[in-house]
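Small disclaimer: the values here were computed from a predicted structure and weren't measured. In each ligand, atom 1 is the first atom listed, and ligand 1 is the first ligand listed.
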Amino acid sequence: MPSTPDSVLDVVPVMPVVVVDDLADAVPLARALVAGGLPAIELTLRTSVALDAIAAISDEVPEILVGAGTILTPGQAKEAHDAGAGFLVSPGATPALLEGMAATGLPFLPGTSTVSEALAVLELGFTEMKFFPAEASGGTAWLSSLASPVPAARFCPTGGITAATAASYLALPNVGCVGGSWLTPADVVRRGDWAEVERRAAAAAALGSPVSNG
Ligand code: 3PG
């Protein structure tokens, strides 16, 4: 795994949000993302092979930062840690989930979609979070509205973002990176079209360093 970055938000401009149904797809998919210039992946715990996929990528593709997404319970946070995940992402942020993710010692992005949820995360001393579901919750307008009154919060907006809209999010001062599944659509993964994943990753990587946007 790459050396731990100062922030999970500063590794790639676009965080690939990935669902793996077939364990055999995990390593070639991760390699295609790296080849395209995106050395990070959020592998969602939405399938029975997800933890094994995280372990396989962690073992066999050391140049990628592999995280676990769709963490819903403290138990899943621990399982993801034990499988080799380098960071955790959740769609929401209950007190028990925040405690469970923090207990792993891993960087994590708790999901928020209201000002009070963002403030609750800040109260615990964490400044980085996911904004989910981004498009359904107000999109760039919501994030712009928060930048001045709550400048400490930095976000990875995810949910409904596309190749066409990613740049408008990345231009905001409180956005480090955006997340999305458009790099690895189910049909592309199913047919093992790793060249297409690499092409999509390269286009996303070209959106620029999140550091230069931050
Ligand atoms: C997530 O878990 O962050 C979302 O499912 C990704 O959303 P998208 O599929 O709309 O990109």
Answer yes or no for Gly69: is there a heavy-atom contact with ligand 1 below 4.0 Å?
no
Numbered atoms and elements of ligand 1 in range of Gly180, under 4.0 angstrom, heavy atoms
11 (O)
Heavy-atom closest pair, residues Leu172 and Ser144
CD2-OG, 3.4 Å
Quick check: closest heavy atoms across Trp142 and Thr114, and the distance to 0.1 Å?
CZ2-C, 3.6 Å
Which atoms from ligand 1 have a heavy atom of Lys130 less than 4.0 Å away?
1 (C), 2 (O), 3 (O)
Same apolar cluster: Phe132 and Ile71, side chain cutoff 4.5 Å
no
Ionic contact status for Asp193 with Arg200, cut-off 4.0 Å
no
Using a plain distance cutoff, I'd like to know if Gly160 has any nitrogen or oxygen under 3.5 Å from a nitrogen or oxygen of ligand 1.
yes
Would you check if Lys130 and Leu9 make a side-chain contact, meaning some heavy-atom pair closer than 4.5 Å?
no
Answer whether the closest heavy-atom distance between the side chains of Leu143 and Val175 falls below 4.5 Å.
yes
Heavy-atom distances under 4.0 Å are what count here, so tell me which part of Phe132 touches ligand 1: side chain, backbone, both or neither.
side chain
If we only count N/O pairs under 3.5 Å, is Ser181 in contact with ligand 1?
yes
Closest protein heavy atom to atom 7 (O) of ligand 1, given as residue, atom name and distance to 0.1 Å
Gly159 CA, 3.4 Å
Give the residue, atom name and distance (to 0.1 Å) of the protein heavy atom nearest atom 2 (O) of ligand 1.
Arg46 NH2, 2.4 Å
Can you find an N or O of Thr158 that's nearer than 3.5 Å to an N or O of ligand 1?
no
Backbone, side chain, both or neither: what part of Glu135 comes under 4.0 angstrom of ligand 1, heavy atoms only?
neither
One pair to check against side chain to side chain contact (heavy atoms under 4.5 Å, CB included): Val150 and Leu122. What are the steps and the verdict?
CA-CA 10 Å; Val150 191; Leu122 290 173; 3.5 Å; yes
